[in-house]
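Before any comments, here is the structure.
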Amino acid sequence: MSDFDLDRLGDVWRQQPDPAEMERLQRTAIAVARRARLAAILDICTAVAVAAVVVILVITNPKTQTVVMGSAAILVLLGSNIRLRKLRQVELKGLTGTTEDMLDQSIARVETTLRHHKFTLYGTPPIFLVTWLGFAATEAPRHDSILGSLRDIPGFRPILLGAAIAGAVALAIFLIVSIRRGRRELNRLNAMRDAYRQERDAAAP
Amino acid sequence: MEPHQSGTAAAPGGGGDGANGAVPPFERIVADYGPLISRIAMSYEADPNLREDLTQQIFLAVWQALPSYRGDSSLKTFIARVAQNRSISFVTKQVRQPRLAELPERLEADTPNPEEEAIELNEREMLMQATRRLPLPQREVIILVLEGFSYAEIANMLDIAPNALALRLSRAKTALKSMLEHK
């Protein structure tokens, strides 16, 4: 391969896959498009179903509390939908822009995720402690309430405390692993962006 | 939500269609640009299983991005850009370094001469492996050149000046040549 001719290499590169490979590609693409269409339909169906349930609840139980709760449910759904659409728009911009723009966006995304994870990691223990102390300091619930009847079950408090600690430990492990993975990804992204900048700087007059 | 699903007729010729913003059906796009997407996925990911994931992600990205296509470049350019960006973001998420696995892709089944077929397969495999070893900015340029894009299209796609493209391509060629000669 000593004859270095990009046109000839281009011909080698662009050899068409055989019909079986093409068929496999078609199947993959159609399946992907079908799944995406189904996901879009599911989104619409979920929104319609929630709205219908709220309307039915308000009609059958026309109280202020029902209207407020129903409106809150719709607002939460709407908010998450708007957020999801914004995220998709940002992702789309990254996909259709230049590679450097995409890398900048990816770096910003990973940094934000790292900040959130660190905040959760360092913020959860104090919140957990304050909540626990709050429960311990407040008066015990009445025995006829749900919480009161739960507290009457033998061993309930140690089990609850154990479950909470196990959950906190699992969350901490998950966050630590995610933070490490995020840092590695951030390093790779920064290295790639640096490589692009070096290329750009090298060509600058 | 899916203007590209409307079945708008494609411009004749396949490869350069979409210049007026009309987008052919997704199935037609896959038929026309599936091999391009497959090659781009292959030049970023050596592992066959991960490459299958990447190919699916590229198809999904293209499906999602098509409604935003306005015809300010050829459809092939648009798809190549989406495929490259998705591939780059895919490889940055991989914890391990990209491996240099074998290429399972088959060539034309009816190649007249099996010896020629073996030589071409070997040559293509070597080219693909060498491309995967290039630094990202150089790899991006060489893939687009090998895909047959003009230098003007590549400079536009990467938003770089012609002299920057020339320098990057020159480095990429030197590196690629060296790797292919030392195989």
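In what follows, every heavy atom counts, from backbone to side chain, and hydrogens, waters and symmetry copies are set aside. Every chain is numbered from 1 and lettered A, B, ... according to where its sequence line falls, protein lines coming before strand lines.
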Contact summary for [X] and [Y], nearest pair of heavy atoms:
| X | Y | value |
| --- | --- | --- |
| B:Ala31 | A:Met22 | O-CE, 3.7 Å |
| B:Arg124 | A:Gln15 | CD-OE1, 3.5 Å |
| A:Gly97 | B:Arg81 | O-CD, 3.4 Å |
| B:Pro35 | A:Leu25 | N-CD1, 4.1 Å |

Considering only heavy atoms, which portion of [X] lies under 4.5 Å from any heavy atom of chain A: side chain, backbone, both, or neither?
| X | result |
| --- | --- |
| B:Leu167 | side chain |
| B:Thr55 | side chain |
| B:Gln84 | neither |
| B:Pro135 | neither |
| B:Ala166 | neither |

Side chain proximity check, A:Thr28 to B:Glu52, heavy atoms < 4.5 angstrom: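 A:Thr28 reaches B:Glu52 side chain to side chain.
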With a 4.5 Å heavy-atom cut-off (strictly below), which parts of residues 75-84 of chain A touch chain B? List them by number.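 Near chain B, by residue number: none.
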Let me know if A:Leu92 has heavy atoms under 4.5 Å from chain B in its side chain, its backbone, both or neither.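 Contact with chain B is through the side chain of A:Leu92 alone.
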Rounded to the nearest 0.5 Å, how far does [atom2] of [Y] lie from [atom1] of [X]?
| X | Y | atom1 | atom2 | result |
| --- | --- | --- | --- | --- |
| B:Glu123 | A:Asp11 | CD | CG | 10.0 Å |
| B:Asn85 | A:Asp101 | CG | CG | 9.0 Å |
| B:Ile88 | A:Leu95 | CD1 | CG | 11.0 Å |
| A:Thr99 | B:Met157 | OG1 | CE | 9.5 Å |
| A:Asn190 | B:Thr92 | CG | OG1 | 11.0 Å |
| B:Trp63 | A:Ile30 | CH2 | CD1 | 11.5 Å |

Using a cut-off of under 4.5 Å on heavy-atom pairs, state which of B:Arg86, B:Gln138, B:Gln57 scores highest against chain A. B:Arg86
Walk me through it: do B:Gln56 and A:Arg35 pass the test side chain to side chain contact (heavy atoms under 4.5 Å, CB included)? CA-CA 11 Å; B:Gln56 288 187 19; A:Arg35 279 201 299 271; 3.2 Å; yes
Give a yes or no on whether A:Arg14 atom CZ has more than 12 heavy-atom contacts from other residues, nucleotides or ligands under 6.0 Å away.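 Check passes, neighbour count above 12.
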Using a 3.5 Å cut-off and no angle test, enumerate the donor-acceptor pairs between side-chain atoms of residues 113-128 of chain A and protein atoms at least two apart in sequence or in another chain.
unit_1   : atom_1 : unit_2   : atom_2 : d
A:Thr113 : OG1    : A:Arg109 : O      : 2.9
A:Thr120 : OG1    : A:His116 : O      : 2.7
A:Thr124 : OG1    : A:Thr120 : O      : 2.4

From B:Val145, B:Leu146, B:Ile142, residue fulfilling side chain to side chain contact (heavy atoms under 4.5 Å, CB included) relative to A:Trp13: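 Output: one option passes, namely B:Leu146.
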Verdict with supporting geometry, A:Met192 and B:Val91, side chain to side chain contact (heavy atoms under 4.5 Å, CB included): CA-CA 11 Å; A:Met192 282 186 189; B:Val91 294; 4.1 Å; yes
